[in-house]
Amino acid sequence: MLTQDQRQVLITAQLLLATEPIKSAYFSHQFNVVEGTIGFYLDKIQSWLQEKNLTLVRKRGYGLEVKGSDWYKRNAFVDLIYNYKPLSELLTFLYEDSKDYSLLAFFKVTFGEKLTSLTKELIEEIYENVSLNNDIKFFSAYIHLLLVIKRTESQNPIELPAQLVRDILTSEEFGFMTQVQEILRAKDIDLPESELAYLAMHLYGERKLFQDENEAKGLGFELEDLIREMIYLTEKKLNQKIICDETLLKGLIQHINPALYRLTMGLEVRNPIINEIRHYYEHLYNAVSYACRHVFSKYNLAIPSSEVGYITMHIGAALERQHKNVKKNSMLIICPNGMSTAKMLYHKIRNEFPDFETIEICSLRDMHDKIKEGYTMVVSTVNIEYKNLPGLTVISPFLPNEDIEKIKAELNKAGKEGALQKNVSLPVSEPDDVEKEFDIANAMLSNFQLKNLGAETYQDTIQDIVQEIHASHLIEDKERIHGLITKREEKGNVIIPGRHIALIHFRAEEITAPFVGAFRLKHFIKTKGVGYSSEEVDTFLVMLARKDESNYILELLGKISVALVENDLFGEVLRFGDLQDIRNELVEILNKEEE
């Protein structure tokens with residue numbers, strides 16, 4: 001009764017949760033197929049696991065086993081379930097006891113009926129103590145709670161750094177975990193501290209990486225600076241002015257701040273409409289993707305497509321506001337995809353249907369109470385089976401033409417032009433300013449430093465790097481710069497994975513001119529990476545910029561950091577080439593125009 005794809009998902013899920021090797025004959029018997037078919041499935045599974053930083057071991061006489069950190073295994077499992085069924089069907093399973101055979105089979109095989117049912121009760125009770133304000137977060141919390149209980153029962157709890165566990169469980173921010181722990185213990189579930197900390201992070205993913213503005217400054221950047229740099233690159237790619245109003249700025253800060261935490265910790269984020277975003281906002285999405293790569297790569301942060309999609313929606317909503325003043329309306333929008341999606345649809349409906357007096361937004365969970373208030377029209381971004389909801393209109397968050405016709409049969413759109421299709425030329429820089437920026441860029445290349453250091457520890461390496469930069473008269477306060485670089489390493493995210501290179505970049509008032517330099521060590525040293533990984537490093541690339549650095553220079557530094565991640569040759573030249581080799585490669589990188 002299962003398709004080939006569904007069988008592969010079930011095999012993958014069982015392998016990810018297994019505590020010991022599984023023989024392929026077990027799956028052959030489970031699905032009543034020959035072992036050759038299982039081998040065919042395993043080839044595809046093996047390729048998929050590699051993309052998730054995991055390895056499938058296949059040995060005769062030993063069996064099948066997934067190798068890799070439990071953190072990556074859990075991330076892969078969550079990806080698996082979200083790709084298994086549409087979000088609306090997953091939510092129906094959680095809220096209304098779906099009868100879908102393939103979904104029931106998935107949860108029965110991986111967790112068992114008893115645990116699946118118990119966890120539904122637990123997450124409902126936990127919901128009363130933790131604010132999970134949209135359906136995606138609620139379902140994600142349910143899946144992670146299942147994983148936490150399952151791994152604890154199998155005596156395979158996750159391993160996290162002791163200091164991280166202490167920080168989470170003793171902080172005010174995660175004080176709600178005391179109530180969560182009591183709820184679990186009432187059902188005879190006693191989680192180890194590492195699993196409590198893991199669950200806390202996934203119940204409250206908005207925990208800020210930076211507690212205050214001063215700490216962000218201490219790390220070499222401010223969110224507002226990054227956002228304005230990102231918007232500059234986006235509007236440059238679109239050749240369209242984007243007004244960074246208060247709504248856009250606050251919206252992006254509220255989204256990117258916790259996103260930085262998620263990325264640093266290796267936490268996953270879901271965006272179930274990412275394919276639609278790419279389709280409807282193709283040019284804007286590509287421009288935002290370019291901007292994110294070049295801005296965040298300087299801090300060793302790779303922004304996944306899901307996050308790019310959310311940022312695209314924020315900027316798309318701002319462009320809609322530019323195109324037409326927001327007017328008041330009247331309907332209920334049911335949207336399980338989060339507030340950024342709902343707000344984007346909200347603004348589109350306001351623009352297209354000014355006759356509505358009010359518009360309100362709610363999640364699937366809250367719709368039963370909201371509908372009782374009475375609305376002339378109810379629209380939803382997902383299919384809903386609800387008997388007392390006649391006349392429900394299902395629409396896309398992007399409100400294409402066919403959905404406009406659904407809401408109002410007769411709408412004259414003649415002469416209307418969406419904000420995203422407008423091609424408004426940006427102001428051209430004055431010739432003197434352009435020449436000055438070219439001179440600064442040329443000086444940065446000419447002054448590129450390549451130094452060999454004798455240090456054998458991270459702290460000694462940083463001390464030597466600061467001394468070399470100070471000798472170039474680019475900084476005066478050595479202690480201040482030393483502190484900034486040290487804090488960057490403490491937060492992790494200085495390693496370029498697989499390159500044996502660490503990248504350190506920050507902006508500060510003390511810096512007199514932009515600087516790029518490479519510093520090599522005689523021996524490898526261990527340095528922190530994303531999440532809880534570490535890697536051997538023998539080369540440090542340091543990029544410094546002034547606090548008020550021009551967008552042009554920042555874009556050039558972004559090109560260098562992107563090349564460090566994406567260009568194998570550049571990494572090799574940095575580690576083994578001579579000074580002229582590196583300068584030649586830098587010229588190639590900076591002169592290259594991306595499509």
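One-based numbering along the sequence shown.
Side chains of Leu521 and His523 form no contact here, defined as non-hydrogen atoms less than 4.5 Å apart. A heavy-atom distance below 4.5 Å is found between the side chains of Val78 and Leu147. The shortest side-chain heavy-atom distance between Thr12 and Tyr41 does not fall under the 4.5 Å cut-off. Side-chain contact between Glu246 and Lys250: present, with at least one pair of heavy atoms (C-beta onward) separated by less than 4.5 Å.
Aromatic rings from His202 and Tyr198 are positioned such that their centres are separated by under 6.0 Å. Aromatic rings from Tyr299 and Phe506 are positioned such that their centres are separated by 6.0 Å or more.
In this structure, the separation between CG on Leu49 and CG on Leu16 is 6.0 Å, given to the nearest 0.5 Å.
Asp460 and Thr457 are linked by a side-chain donor-acceptor pair at a separation below 3.5 angstrom, with hydrogens and angles left out of the test. Inspection of the Glu307 and His255 side chains reveals an N or O donor paired with an N or O acceptor under 3.5 Å.
Just one residue in the list Lys522, His500, Arg575 forms a side-chain hydrogen bond (donor to acceptor under 3.5 Å, both in side chains) with Asp538, and that residue is Arg575.
A salt bridge does not link Lys59 with Glu65: every distance from a Lys NZ or Arg NE/NH1/NH2 to an Asp or Glu carboxylate oxygen is 4.0 Å or more. Look at Lys298 and Glu229 and you find a salt bridge, because one of the NZ, NE, NH1 or NH2 atoms lies within 4.0 Å of a carboxylate O, short of that distance.
Put simply, the side chain of Arg499 gets close to the backbone of Leu564: a donor and an acceptor are under 3.5 Å apart.
Counting non-hydrogen atoms of neighbouring residues, nucleotides and ligands closer than 6.0 angstrom, the CD1 atom of Ile253 exceeds 12 such neighbours.
In this structure, Phe570 has no ring pair (Phe, Tyr, Trp, His ring centres under 6.0 Å) partners at least two apart in sequence or on a different chain.
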> Would Glu235 and Lys237 satisfy salt bridge (charged side-chain N to carboxylate O under 4.0 Å, His left out), going step by step from the backbone distance to the final call?
Replying inline: CA-CA 5 Å; Glu235 64 183 11; Lys237 276 293 177 184; over 6 Å; no
